[in-house]
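Everything below concerns the one structure shown next.
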Amino acid sequence: MKYRAPKGTRDILPAEAAVWSHIEALFRHAAARYGYGEIRTPAFEDVQLFIRSIGSDTDIVSKEMYDFVDKGGRRISLKPEGTAPVVRAFIQNNLQAVNPLTKLFYISPMFRYDRPQAGRYRQFHQLGVEAIGSDDPLLDMEVIMLAISFLRAIGLKHTTLLLNSVACGNCRPRYVEALKDFLAKSHDDLCEDCRRRYTDNPLRLLDCKNPACKALLQKSPQISAYICGPCREHFDKVRKGLDSLGIAYTVDPSMVRGLDYYTRTAFEITHDGLGAQSSIAGGGRYDRLIKECGGPDLTGMGFAAGLERLLLALEAEATMPARRIPCSAYLIALGERARINTLSYLYKLRDAGLHVEYDYLGRSLKAQMRAADRLSCRFAVIIGDDELERGTASIKDLAQGSQTEVQLTALVDYLLQ
RNA sequence: GUGGGUGUAGCUCAAUCGGUUAGAGCGCUGGACUGUGGCUCCAGAGGUUGCGGGUUCAAUUCCCGUCACUCACCCCA
């Protein structure tokens with residue numbers, strides 16, 4: 001009988017969990033600076049929420065949903081992404097009545113039934129934000145800046161910002177038609193995947209990696225020639241805003257995000273040290289989603305970053321922060337009498353806020369000293385029969401190698417020094 | 001869902017053409033130092049060689065199956 005973590009999931013052990021916490025804390029700080037409040041939504045939702053919002057033709061919905069029927073006959077899915085649940089919560093709790101502009105952030109596990117590979121898991125973790133209630137392009141810019149600011153804070157350097165406008169509900173269909181018209185005559189020359197995309201999701205044709213398809217698409221119509229005046233104006237304002245701050249970006253007309261709800265601004269941040277899954281963060285504007293989910297006619301903008309991929313990127317840059325929390329003291333009580341008589345000091349020191357270690361394995365003094373060293377303890381506090389007689393403790397400074405003896409009554413103050 | 005690669009100690013890896021008791025480094029435990037860490041030296045614990053079958057006098061090694069991991073496609077964080 002042998003149990004393993006389910007495929008595509010893994011255990012985060014203390015050394016790694018410390019790094020996770022650190023990155024999460026930096027994200028919380030970034031979100032706080034920008035005025036975003038935390039929201040925690042359930043791990044699962046009515047499956048229809050995702051089908052309606054993400055789009056039934058997307059891969060996420062058609063083959064990656066972790067869905068099931070619960071004992072009450074409800075069709076449920078573990079959340080594959082964060083925006084739809086936040087929008088649902090926004091509507092359900094009438095947040096537009098509380099504040100005309102709602103700014104939220106979340107840190108949450110997500111679930112997709114994919115084949116795992118480098119940087120891709122069935123349970124993964126996203127850090128994201130949503131800003132709902134304004135269609136100001138400067139809000140798009142704020143969300144992008146928050147993402148960039150956060151990535152800088154964790155120390156990532158080799159990132160690329162890709163930017164595109166995926167147009168709106170009015171002008172995108174015109175472009176899709178133009179694209180299909182253009183490809184209609186060479187339909188048979190497209191790769192198998194692209195022939196499927198041609199009917200299911202024509203925009204996805206744009207980022208096909210097949211050389212033959214790429215060649216065909218060389219002269220394909222560009223979305224920039226088809227987007228409507230307001231969309232063009234919106235995109236220009238986002239770009240000008242980023243320009244004014246000297247933020248480097250690449251306009252990538254082939255960048256099409258895999259969720260149907262995006263309109264206008266779409267962006268992605270990539271890192272080249274990750275293998276095939278190079279995207280570490282992505283997001284965009286959604287102008288129809290909230291209304292389609294039954295809410296008010298409000299627009300939103302958001303992004304999410306993948307925590308596992310951030311860690312891979314940090315590893316690739318060899319700047320993974322070492323998170324070793326040093327220990328204040330290792331309390332070594334030698335013999336039964338000392339163990340009983342020093343217990344109160346162990347807990348007094350801990351109550352005073354110090355990290356104090358103690359042996360429960362019956363190890364020798366030498367072994368305890370070695371343990372103290374491994375834990376990077378500042379002091380070893382030794383209390384044996386000799387010390388008990390004198391009412392003292394021997395305190396060795398493990399960095400200096402020096403040792404002094406202090407009265408037990410002064411022990412806490414000495415270590416707090 | 002499709003394809004490739006890899007499964008040996010807690011971790012990273014050896015093991016000649018198929019050959020006898022499967023090794024090393026790191027880590028862990030103990031000792032050298034009867035109450036003092038790091039450095040050094042010595043010793044010890046730790047293995048169903050993923051699992052099942054086949055070929056063979058003999059399988060960690062070759063073959064088949066299976067499971068797991070991994071990388072890639074698709075797609076995305």
Side-chain angles (χ1 to χ4, degrees), chain A residues 2-10 13 15 54 57-65 79-83 107-128 147 151 191-194 196-197 200-201 204 207-210 255-259 268-271 274-283 302-313 327 330 332-335 338 357 361-388 394-403:
Chain A
K2 207 170 173 182
Y3 296 108
R4 299 185 53 88
K7 183 189 272 287
T9 69
R10 58 200 204 99
L13 303 178
I54 299 168
D57 291 335
T58 61
D59 276 25
I60 291 178
V61 166
S62 64
K63 59 179 212 187
E64 294 169 8
M65 285 234 280
K79 52 183 169 183
E81 60 100 37
T83 302
I107 299 175
S108 172
M110 302 294 169
F111 307 86
R112 290 184 202 171
Y113 195 84
D114 256 359
R115 273 289 278 275
Q117 71 184 70
R120 200 173 67 190
Y121 304 92
R122 287 186 174 179
Q123 175 175 343
F124 59 104
H125 298 77
Q126 287 191 333
L127 319 171
L151 294 178
C191 71
E192 193 183 332
D193 287 328
C194 280
R196 177 178 55 75
R197 293 185 182 110
D200 290 350
N201 202 339
R204 291 233 72 91
D207 64 354
C208 181
K209 287 153 197 139
N210 183 301
M255 189 200 57
V256 184
R257 308 216 29 91
L259 300 92
E268 193 164 310
I269 298 175
T270 61
H271 191 277
L274 298 191
Q277 313 302 327
S278 60
S279 172
I280 55 174
F303 89 94
L307 188 37
E308 286 85 351
R309 290 191 186 170
L310 294 177
L311 292 166
L312 287 172
C327 162
Y330 202 111
I332 303 173
L334 298 170
E357 291 282 348
L361 298 172
R363 290 188 287 194
S364 66
L365 169 62
K366 180 213 283 286
Q368 293 189 55
M369 289 296 288
R370 189 162 53 236
D373 186 57
R374 304 262 161 89
L375 291 165
S376 303
C377 292
R378 176 88 200 278
F379 298 105
V381 177
I382 304 163
I383 301 170
D385 289 339
D386 296 348
E387 285 84 358
L388 274 186
S394 293
I395 299 180
K396 182 162 188 178
D397 183 317
L398 291 174
Q400 309 283 325
S402 58
Q403 186 163 325

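Here is how names work: the chains are called A, B, and so on, in the same order as the sequence lines, proteins then strands, and each is numbered from 1.
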Exercise. When all nucleic acid strands are considered with a 4.0 Å heavy-atom cut-off, which category describes Glu268(A): base, sugar-phosphate, or nothing?
Worked result: nothing
For this session: Quick one: closest heavy-atom pair of Glu357(A) and Cys327(A), and the distance?
Result: CG-SG, 3.6 Å
Problem set entry | Length of the CD1-P vector between Ile395(A) and rG35(B), whole Å | 21 Å
For this session: Output all residues satisfying side chain to side chain contact (heavy atoms under 4.5 Å, CB included) with Arg115(A), sequence neighbours left out; order by chain, then residue number.
Result: Arg120(A)
Seminar exercise, completed: Rounded to whole Å, NZ of Lys79(A) lies from C1' of rA77(B) at a distance of 14 Å
Problem set entry | Heavy-atom donor-acceptor pair, Lys63(A) side-chain to rC74(B) base, under 3.5 Å | yes
Problem set entry | Charged tip of Arg10(A) within 45° of Tyr121(A) ring normal and under 6.0 Å | yes
For this session: State, to 0.1 Å, how close Leu334(A) and Asp385(A) come at their nearest heavy-atom pair, and which atoms those are.
Result: O-OD1, 4.4 Å
Seminar exercise, completed: Symbol by symbol from the 5' end, with Watson-Crick or G-U pairs under 3.5 Å, [ ] crossing and | another strand, RNA chain B is (((((((..((((.....[...)))).(((((.......))))).....(((((..]....))))))))))))....
For this session: Between rU61(B) and rG54(B), how far apart are the C1' atoms? Round to whole Å, please.
Result: 15 Å
Problem set entry | For atom CZ of Arg309(A) and atom P of rC75(B), their distance in whole Å | 14 Å
Seminar exercise, completed: Shortest non-hydrogen pair, Ala276(A) vs Gln117(A), comes out as CB-NE2, 3.9 Å
Problem set entry | Presence of Arg112(A) side-chain N/O under 4.0 Å of rC75(B) phosphate oxygens OP1/OP2 | no
For this session: Examine the side chains of Gln123(A) and Thr9(A) and answer whether a donor and an acceptor come within less than 3.5 Å of each other.
Result: no
For this session: With heavy atoms under 4.0 Å as the rule, sort Ala367(A) into base, sugar-phosphate or nothing.
Result: sugar-phosphate
Exercise. Is Asp114(A) salt-bridged to Arg122(A), going by a charged N under 4.0 Å from an acidic O?
Worked result: no
Problem set entry | Gln277(A) side-chain proximity, nearest of rA77(B), rG30(B), rC73(B) | rC73(B)
For this session: Can you figure out which of rC75(B), rG37(B), rG35(B) approaches the side chain of Lys366(A) most closely?
Result: rG37(B)
For this session: Using side chain to side chain contact (heavy atoms under 4.5 Å, CB included) as the criterion, point out the one residue from Arg309(A), Glu308(A), His271(A) that pairs with Gln277(A).
Result: Arg309(A)
Exercise. Quick one: the side chain of Arg120(A) and the base of rC75(B), do they pair up donor-acceptor inside 3.5 Å?
Worked result: yes
Exercise. Quantified in whole Å, what is the C1' atom distance between nucleotide rG10(B) and nucleotide rG53(B)?
Worked result: 31 Å
For this session: For rG5(B) versus rC64(B), give the span between their P atoms, rounded off to a whole number of Å.
Result: 11 Å
Exercise. Counting side-chain heavy atoms from CB outward, which of rA77(B), rG37(B), rC74(B) is closest to Ser279(A)?
Worked result: rA77(B)
For this session: Locate the shortest heavy-atom distance separating Ala372(A) from Leu398(A); write the atom from each residue and the value.
Result: CB-CD1, 3.8 Å
Problem set entry | Rounded distance (Å) that lies between atom P of rA32(B) and atom CG of Leu365(A) | 12 Å
For this session: Quick one: closest heavy-atom pair of Phe124(A) and Pro80(A), and the distance?
Result: CZ-O, 3.9 Å
Exercise. Counting any heavy atom closer than 4.0 Å, what does Glu64(A) reach on the DNA or RNA strands: base, sugar-phosphate only, or nothing?
Worked result: sugar-phosphate
Problem set entry | Residues which pass side chain to side chain contact (heavy atoms under 4.5 Å, CB included) with Ala367(A), listed by chain and number, not counting sequence neighbours | Arg363(A), Ser364(A), Arg370(A)
For this session: Answer with base, sugar-phosphate or nothing: what part of the nucleic acid does Leu310(A) contact at a heavy-atom distance below 4.0 Å?
Result: nothing
For this session: Could you give the distance separating rG4(B) and rU40(B) at their C1' atoms, to the nearest angstrom?
Result: 47 Å
Problem set entry | Nearest-Å distance once atom C1' is located in both rG46(B) and rG27(B) | 11 Å
Seminar exercise, completed: Judged by nearest nucleotide, the residue sitting upstream toward the 5' end of RNA chain B, Leu361(A) or Val256(A), is Leu361(A)
Exercise. What is the distance, rounded to the nearest whole Å, between atom CE of Met65(A) and atom P of rG1(B)?
Worked result: 17 Å
Exercise. Of all heavy-atom pairs between Glu81(A) and Ile54(A), which one has the smallest distance, and what is that distance?
Worked result: CG-CD1, 3.6 Å
Exercise. Any N or O donor-acceptor pair linking the side chain of Gln403(A) to the base of rU36(B) at under 3.5 Å?
Worked result: yes
Problem set entry | Gap between atoms CE and P, on Met369(A) and rG31(B) respectively (whole Å) | 14 Å
Restricting both atoms to N or O, compile the protein contacts to nucleotides 38-43 of chain B shorter than 3.5 Å, with distance only.
unit_1, atom_1, unit_2, atom_2, d
rG38(B), O4', Asp373(A), OD2, 3.0

Seminar exercise, completed: To the nearest angstrom, the CG-P distance between Asp386(A) and rU34(B) comes to 14 Å
Review item, nucleotides 65-70 of chain B N/O atoms under 3.5 Å of protein N/O:
unit_1, atom_1, unit_2, atom_2, d
rC69(B), OP2, Lys7(A), NZ, 3.2

Exercise. If you find the nucleotide of RNA chain B closest to His125(A) and the one closest to Tyr113(A), which residue's nucleotide is nearer the 5' end?
Worked result: Tyr113(A)
Seminar exercise, completed: Residues at least two apart in sequence or cross-chain that pass side chain to side chain contact (heavy atoms under 4.5 Å, CB included) with Asp57(A), listed by chain then number, are none
Problem set entry | Atom P, compared across rU12(B) and rC17(B): separation rounded to whole Å | 26 Å
